[in-house]
Each structure stands twice: as structure tokens, then as C-alpha cells.
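Read through the structure below, which is laid out as C-alpha cells, and then see the notes.
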Amino acid sequence: MGGVSNASAFALPSADRPDAAARLRDALREADFTADGLLDLLGAPAYAALARGETVPALRATRGDTPLEMLVRLFLLQQPVPHARVAGVLPVAECLESRWLVRVGPNGDGDDVAATVDVRPYGGLDGKDWFIVSDLGCAVGGAGGIGRRDEGVVLGVGGASTTLAGITVRTPVASALDLGTGSGIQALHAAQHVTRVTATDVNPRALHMSALTLALSGAPAADLREGSLFAPLRDDETYDLIVSNPPFVISPGARLTYRDGGMGGDDLCRTLVQQSGPRLNDGGFAQFLANWQHVEGEDWQERLRSWVPAGCDAWIVQREVQDVTQYAELWLRDAGDHRDDVAEYEARYDAWLDEFEARKVKAVGFGWITLRKSGAAVPSITVEEWPHPVEQPLGETVREHFRRLDYLRARDDAALLEERFLLAAEVVQEQVGLPGAEDPEHVVLRQNRGMRRATKVDTVGAGFAGVCDGSLTAGRILDAIAQLVGEDPVLLRDRTPAQIRLLVEQGFLEPAR
């Protein structure tokens, strides 16, 4: 029994039938067609393989005849299923009428039905069971790539989507903007804590998929607008939250809408960041995933600092760096180009390297960019490299980062020494040195939550952090340490605030409230 592989073979389900979407949603949940249900059915290895686009383990795990196995074959593995079998699980007549399903056969009237879209269970906020709708064939492939992807194809949930959802600040606000909504996962998350959600995309098919994702997940409808970046917005529209997983791939051209920005180099990401500033309300956040060029003769951190718009604080984290050959190979395989004629593949590879050479690009960085509209006369811009494991979700960690910046900005060194601090929960101290040595070579404070940072501290820093329980001011603690180690307390008070500031900024110390 063959699968259905052409993403545009069928008309899309109607986005104007919330009643049909609601009944389909109820039936899917009744059959335990959820993220947890799939994990229980498939087992961890097959579940992880499916997320990578590998279907064979899932096919082997769904050889039975339970409702859940049938739904996995229908919506995830894109296998035709007997009409009579589906009728016992789904409201099949309504699904056919609203085009979630279609009859397949020589004349479109066979005994089997097939899904017209990929419907993927997704574990939402607070344990909610959501569904992400995308084009068929976009998560079905094999080792070495998912195969040819057409220009207007709409992808489902990927690692980048879940990363952005995890780092986004989730406080109740009035308005949010999802730029380049795709299948609608960011709009779906935003709808849980935002009164009014606007979503834009240059691809009208993506807007349709986003509407289906929201409807099938039982979320409020979004204001969907066709166009690139901020073009569909009125001049006076501003938001409390802006999110985007943009088509950030730096490529020679714009062959694939879902990934290629169509601007030279990293101009799309730069433009997105710079144009977000005027669109933010005071205190609002803009959060993006992005790629950026490492250019010969330029400091990549200074390059990114230049992107930050006026009136905004920024926290930019580089998570990964690839040299230009690794980068080109990654995205050629993503598009399935390695499956083409060898000469055509080599020509495309050569074109990527020509583009990088012309721009003097030696590597490409990937990471997160967060802006916060502060209006500060002297904005705080942190650009760092942190390739180490973190604990998602990080939205609260991001919000606290900027709250601490405000706290530090409002206090000079004298005022800081009058404050009381607490050692953050889950921080441990490690001492590194030779066995048997009287003193350690250095002391490391390590977080076991959030960013999971580690920072070296001197003896004073370690002693200071160790006694921060909120009972004494920072100045009183330093005076006690000075007496203990025989150091001038005035000099110690003078040189330690910088270290205290760093420990507060990075979340090792918290102001005692």
C-alpha cells in the first residue's frame, strides 16, 4: 500500500469550518492521538526517528489495527487507510466534506481514504494537546534528507520552531506579532497568553496552514496577513511581543521560500532586527532565530551589536558556528539536492562557495536574538557565545535577564554595596586543583538550571557568594571578608562591585526582595 508524497496533490482543508475542526480534534484526542500517546505507542527510538523524518521504525510499530495505529499511518506516515476502518474512529463524512480527508482511487472514489495534510500531535503549554498542520511529505524521508521540497511548501514542527517557542517570554500581554508564521506554531503559543495575535507570511499557503493549526488545536483565530516582514502592517501598529523564525538561510538566491530570505548575505536577519525596534511597545520583547556571517577582518560580535535598534536592550547568544563548507552541505542536503545529478549538486555547491567568497565570509553563526524596548539612554547589549546544553523552556530566564539589567542600571557601586543578595537556587561550587594541594587552582560556580552557566571566581567571590542569604548587605559581607583575609576593606569595596555585577547579571546572585 503506497503512501501519498506530493505535498500539493490535494486541496487543503477548509479554514472556515471550525465545527469540523472541533469534531476532528475531539476524535483525535479520544483515540489518544497526542504527543504522549505517540510516545507510548511507538517507543522512544521510533518516536525520535519520526521526528528526524525516518518512517520505517514507525511503520513497523503500527502494524496492528488499533485506532491510534490507524491514525498514525493516516496522518503521519501518509498511508491510505480503508474507509470503513476510519469511519469507526473519525467523523469521516464531515472530514471528507471539509477536505481533511479525501477518497483515493482511479476516479477518486476508491475504498480507501487519505489525509490531505500532515497533522502532528504537539505537546503544548500546561500539558495541552495541540496539533500542527503542514504539507504532506515534509516530515517523511530517509537517511540523508527529506527529499525534494517545492517552492511554496509549508513545513511542520522542527527543532528551530521548538527552540524559539521555548525561549519566548510568556507573560500576559495585549498584542503579539508572528512574522513568517509558517504552520503557525508560534502564533499558537502566543494565543495562550496574548489577547490579539497577528501573523504574517509571504506564502498564502502558510497562512492557510496556520489557520488550520489554530482551529484544530482549539485556539482563537489570528489576524492573518499576506506579505513580507512588516509590509502588511499599518504604519502605526506596535506590539508587546514580536517573534520570528525567519527564512534565515544565507544562500545564493531564494529558491525555497520556507528557508531562503532572498536578500544578500545576512541582510534579512539584520533588517528584521533593525525594523523591530519601532514596532515594539515600551517594555515589549522581540525574539528571533537568526544566522549571521563571520566576515574576514570583522569582529562578529561588533557586527551584531550594530544591528540593535535605538532604544532597545539586547541579548544575543551564538549557539553554533559552521565553516562555509559545512553550512553549504547542511542546506543542500536539507533540500535534497544531494539526490540530484552529481554535476548539478556540485554546481550548486560551487555557487554557495562563490557567494561566500565574494562576501569574504569564513563561517556562519546561528543563535538567538532578543530585544527589549527599554528607552534607556545607554542600552545594554550582551553578545556572547554559549554552545553548551541549556534547560528549556528559557522564557522566564530571558525575562529575568532583562529585569536584572534594569536592577543593575539603577544602582551605582555605592548603592549596590547597600543591597542584600541571595545565592540562586541550584548553584553549586566546584573546586579544581591538584589532589592533596592546600588550595584549589580555581573555584567555579555552576548553575544546574536555565542557561546552566559556569563562571570562575576568586577566593573573595566564592566566599561572598557562599554567605549571601539575604541577611547582610554586600558591603558588610566584604568588610567581614577583608578582616578574615587581612585585606584593606576600602580597597576590597572598591574592586569587588564589578564581580558582584557579573554574578547578578548572569543569575548566580539574586536581589533579596
Side-chain angles (χ1 to χ4, degrees), residues 2-10 49-57 59 77-78 118 134-156 158-161 180 182-183 202-203 205-206 228 245-270 289-297 300 320-366:
V4 180
S5 60
N6 188 343
S8 57
F10 306 120
L50 191 61
R52 299 192 301 268
E54 295 284 2
T55 61
V56 173
L59 283 166
L77 304 179
Q78 285 126 47
D118 183 295
S134 62
D135 269 318
L136 296 171
C138 294
V140 175
I146 288 181
R148 298 300 311 168
R149 287 177 171 175
D150 299 329
E151 163 67 17
V153 77
V154 181
L155 305 187
S161 301
S183 58
V202 71
N203 182 3
R205 190 176 183 87
S228 178
N245 176 19
F248 54 64
V249 176
I250 300 171
S251 62
R255 188 160 58 101
L256 299 175
T257 302
Y258 73 88
R259 70 166 204 194
D260 301 327
M263 297 185 185
D266 52 17
D267 284 354
L268 181 132
C269 291
R270 176 184 55 79
L289 301 186
N291 276 181
W292 43 78
Q293 298 172 151
H294 286 231
V295 180
E296 291 181 18
W300 69 271
E320 184 180 0
V321 182
Q322 292 184 320
D323 68 47
V324 293
T325 59
Q326 293 173 311
Y327 189 81
E329 290 162 13
L330 169 67
W331 294 109
L332 287 167
R333 286 180 173 272
D334 170 82
D337 289 334
H338 62 302
R339 300 177 185 271
D340 290 339
D341 177 81
V342 173
E344 185 176 355
Y345 171 78
E346 291 178 348
R348 284 184 173 148
Y349 197 152
D350 204 38
W352 282 67
L353 297 186
D354 281 345
E355 176 80 4
F356 287 132
E357 184 176 348
R359 294 180 175 275
K360 297 183 178 180
V361 176
K362 57 184 180 179
V364 178
F366 166 81

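As a basis for the values below, the full set of heavy atoms in this structure was taken, side chains included, without hydrogen atoms, waters or symmetry mates. Numbers for residues simply follow the sequence, beginning at 1.
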Decide yes or no for D266 and I250: does some side-chain heavy atom of the first lie under 4.5 Å from some side-chain heavy atom of the second?
yes
Decide yes or no on salt bridge (charged side-chain N to carboxylate O under 4.0 Å, His left out) for R333 and E329, but give the supporting numbers first.
CA-CA 6 Å; R333 286 180 173 272; E329 290 162 13; over 6 Å; no
To the nearest 0.5 Å, atom CZ of R348 lies from atom OG of S251 at 11.5 Å
Separation of D118 CG from D135 CG (nearest 0.5 Å)
9.0 Å
Taking all atoms of both residues into account, what is the closest heavy-atom pair of R205 and G152, and its distance?
CD-O, 3.7 Å
Are side-chain heavy atoms of L268 and P246 found at a separation under 4.5 Å?
yes
If the test is side-chain contact (heavy atoms from CB on, under 4.5 Å), which one of D323, V361, T325 qualifies with F356?
V361
R359 vs V295, test: side-chain contact (heavy atoms from CB on, under 4.5 Å). Steps then yes/no.
CA-CA 7 Å; R359 294 180 175 275; V295 180; over 6 Å; no
Where do N203 and V153 land on the side-chain contact (heavy atoms from CB on, under 4.5 Å) test, with the steps shown first?
CA-CA 9 Å; N203 182 3; V153 77; over 6 Å; no
List the atom of S161, the atom of G156, and the distance in Å for their closest heavy-atom pair.
OG-O, 4.2 Å
Flag if over 12 foreign heavy atoms under 6.0 Å of CD, Q326
yes
Any side-chain heavy atom of Y327 sitting closer than 4.5 Å to one from N291?
yes
Closest heavy-atom pair and its distance - S134, V154:
CB-O, 3.4 Å
Enter the distance from H294:NE2 to K362:NZ here, rounded to the nearest 0.5 Å.
8.0 Å
